[in-house]
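Right, one structure below, let's go through it.
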Amino acid sequence: GINAEYGTEGRVRNKHLNNRTTMSSEDNIKRLKAVINDNTADEKSRESAIYELGELYAKEGKGADLSALLKEIRPFFGTIAKARTAKIVRTLLDLVSKIPNSSNLQVELYKESITWAKEGKRTFLRQRLETKLAALYLSNRDFNAALSIVTTLVREVKRLDDKAFLVEILLLESQIHHALKNLPKSRGTLTAARTSANSIYCPPPLQSQIDMQAGILHAEEKDYKTAYSYFYEAFESYNSQEVLELTVLNLKYMLLCKIMTGNVDEVNTIINGKLALKYAGPEVEAMKAVSTAYKNRSLSQFTSALNNFSKELKNDPIIHTHLSELYDTLLEQNLIRIIEPFSCVEITHIASLIELPVEAVEKKLSQMILDKKFHGILDQGNNCLIVFDEAPPNKTYPLVLDTIENMNKVVDSLYSKAIKLHS
């Protein structure tokens, strides 16, 4: 059927569109094509038929047919307003994204549609399509291609003074810089986006994206308290908009912030709260399992949680990055607790106690020694770790520096007095 998004304009008034439910898929396609190619039919009926045929192709996974439809209807675009043309093109391209494993086809279609828009001098449509293409490149991890498009778009849109669109592009640029691990530029573009957003009415979906990106950047800077407040704002906003996927994602990030700050007792409080209770599911259970493992300081429970909820924890790059840091912290705490009673201990014994491969334990111990987490050496010949008592700090160096500094002041003072005597 026709998506409710198209409203009253999407209602079919043509006689060809009656009795849809009794027809086969092939008959439906023939009927809809007849309506689309019928130059005597009214514009709204033809437009509705385009939408319905596009949805039918998307439902059946016919990406090539959807691509062909987009090209076949271009003569029809010459008879309708540019705004309606833009709506049809963007809707059909969005339908392609519903087809599984169609990212390459999407890229080709966006590129081809952008070229067509340039030739027809459809600047508004071209800029929107380029933004979508940049977002697609970002999701495909082709960051440099995405950044190249966005950089050009920012310059163009700044000249047009379309602040709402500029906010959208700057937010996308911030996400690209974050993916490239360029945090200063990501913060800078997000600040620019917020500044522009403050001078206009910012739609709730866009404001939610800004809050979410701000939370992600604060989490990268280890400022989890501020990050939590931004994720909470985004969570409430997406909850009111009834955007299930992003609401759950922000809830996960909220729980992550509590775990990273060590406030694991608050995780259950949030999960059982009035707003979060209705989003119970594997995503929330995954974070709960991590919280329990961290509370128990158990590496085996932590590893089990990562393995049991691999999709929920490892597929999200934000969650995966922070949990990797948390795993390292937990591993260090467990290793220090194990080696604390010993002055000399076999590495194989440590590995058996912590239930990890010897190579991984040896690598981590050497890293901890270099980072001065404890004092000791690895005796490779005897395959053991020798732990030293923590030596008292050597005060010679700072005392020598203080002496030199005081001597410098004395010399400066004598020099000043000598100049006065000679003058």
Side-chain angles (χ1 to χ4, degrees), residues 127 130-238 243 246-247 249-261 263 316-326 328-329:
Q127 289 173 340
E130 283 179 340
T131 306
K132 286 277 191 179
L133 179 59
L136 188 59
Y137 277 139
L138 175 60
S139 64
N140 290 346
R141 303 189 67 79
D142 190 350
F143 304 131
N144 290 323
L147 188 60
S148 175
I149 292 171
V150 166
T151 304
T152 307
L153 270 175
V154 168
R155 285 198 299 268
E156 277 186 43
V157 178
K158 276 182 178 176
R159 288 199 297 268
L160 294 173
D161 199 33
D162 185 347
K163 286 193 175 178
F165 188 36
L166 180 62
V167 170
E168 191 180 329
I169 299 168
L170 287 170
L171 178 61
L172 180 58
E173 187 181 1
S174 176
Q175 291 167 345
I176 295 166
H177 282 306
H178 173 253
L180 288 166
K181 304 297 179 188
N182 190 341
L183 294 183
K185 278 201 171 183
S186 184
R187 279 195 304 272
T189 46
L190 182 65
T191 302
R194 293 177 76 90
T195 304
S196 297
N198 289 337
S199 62
I200 57 167
Y201 167 71
C202 190
L206 188 56
Q207 185 60 52
S208 303
Q209 288 182 58
I210 291 172
D211 288 337
M212 188 172 171
Q213 181 66 7
I216 289 169
L217 292 180
H218 277 286
E220 288 283 4
E221 295 166 353
K222 309 289 186 283
D223 184 3
Y224 294 108
K225 190 175 179 181
T226 308
Y228 177 86
S229 64
Y230 278 116
F231 288 136
Y232 184 74
E233 288 291 328
F235 168 75
E236 282 197 318
S237 180
Y238 281 126
V243 184
L246 291 173
T247 307
L249 188 59
N250 277 279
L251 177 58
K252 276 175 72 179
Y253 291 164
M254 285 162 59
L255 298 175
L256 175 70
C257 290
K258 289 298 180 186
I259 294 168
M260 295 303 290
T261 51
N263 298 319
D316 185 328
I318 309 296
I319 296 280
H320 183 62
T321 299
H322 292 287
L323 288 188
S324 296
E325 292 175 12
L326 192 65
D328 281 344
T329 304

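- Between Asn250 and Ala234, the shortest heavy-atom distance links the atoms OD1-CB, 3.3 Å.
- For the pair Asp316/Leu249, a side-chain contact is recorded, criterion being any heavy-atom separation below 4.5 Å from C-beta on.
- The side-chain heavy atoms of Ser237 and Asp211, taken from C-beta on, include no pair separated by under 4.5 Å.
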query: Given the rule in the side chain to side chain contact (heavy atoms under 4.5 Å, CB included) test, do Lys225 and Thr261 qualify, once you have shown the distances and angles that lead to the verdict?
result: CA-CA 8 Å; Lys225 190 175 179 181; Thr261 51; 5.6 Å; no
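- Scanning all heavy atoms of the two residues, the minimum distance from Asp223 to Thr226 falls at OD2-OG1, 2.7 Å.
- Sequence neighbours left out, not one pair with a member in residues 159-187 passes ring pair (Phe, Tyr, Trp, His ring centres under 6.0 Å).
- Between atom CD1 of residue Ile319 and atom CG of residue Leu326 there is a gap of 11.0 Å, rounded to the nearest 0.5 Å.
- Tested against Val157, the residues Thr152, Val167, Asp162, Leu170 include a single side-chain contact (heavy atoms from CB on, under 4.5 Å) partner, Asp162.
- Nearest heavy atom pair, residue Tyr137 against residue Ala146, reads CB-CB, 3.7 Å.
- Counting only residues at least two apart or in different chains, ring pair (Phe, Tyr, Trp, His ring centres under 6.0 Å) contacts with residues 194-218 comprise His218-Tyr230.
- One distance of note links CD1 of Ile169 with OG1 of Thr131; it measures 4.5 Å at 0.5 Å rounding.
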task: Give the intermediate values and the outcome of side chain to side chain contact (heavy atoms under 4.5 Å, CB included) for residues Ser208 and Val243.
output: CA-CA 11 Å; Ser208 303; Val243 184; over 6 Å; no
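- For the atom pair CD of Glu156 and NZ of Lys158, the computed distance is 13.0 Å after rounding to the nearest 0.5 Å.
- For residues 138-157, there are no ring pair (Phe, Tyr, Trp, His ring centres under 6.0 Å) pairs, not counting sequence neighbours.
- Residues passing the salt bridge (charged side-chain N to carboxylate O under 4.0 Å, His left out) test with Glu130, sequence neighbours excluded: Arg126.
- Closest approach of Ile210 and Ala197 over heavy atoms only: CD1-CB, 4.0 Å.
- Once rounded to the nearest 0.5 Å, the distance linking CD of Gln209 with CD of Glu168 reads 7.5 Å.
- Leu323 contributes atom CG, which lies 9.0 Å from atom OG1 of Thr321 (distance to the nearest 0.5 angstrom).
- Counting all heavy atoms, side chain and backbone alike, Ala219 lies closest to His322 at O-CE1, 3.2 Å.
- Remark: side-chain polar atoms of Ser148 are not paired, donor with acceptor, to backbone N or O of Ala145 under 3.5 angstrom.
- Nearest heavy-atom pair across Tyr224 and Met260 is OH-CE, 3.4 Å.
- Environment of NZ in Lys132: sparse, with no more than 12 heavy atoms of neighbouring residues, nucleotides or ligands closer than 6.0 Å.
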Going by atom type alone, with no hydrogens or angles, which donor-acceptor pairs under 3.5 Å involve a side-chain atom of residues 187-194 and a protein atom two or more places apart or on another chain?
unit_1, atom_1, unit_2, atom_2, d
Arg187, NE, Glu221, OE2, 3.2
Arg187, NH1, Glu221, OE2, 2.5
Thr189, OG1, Lys185, O, 2.9
Thr189, OG1, Ser186, O, 3.1
Thr191, OG1, Arg187, O, 2.8

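- Distance CD1/Ile318 to NE2/His320: 11.5 Å, rounded to 0.5 Å.
- Judged by distance alone, the side chain of Thr247 and the main-chain N or O of Tyr238 form a donor-acceptor pair under 3.5 Å.
- Partners of Glu236 under the side-chain hydrogen bond (donor to acceptor under 3.5 Å, both in side chains) rule, at least two apart in sequence or in another chain, are Tyr232.
- For the pair Leu166 and Leu160, the minimum side-chain heavy-atom distance is 4.5 Å or more.
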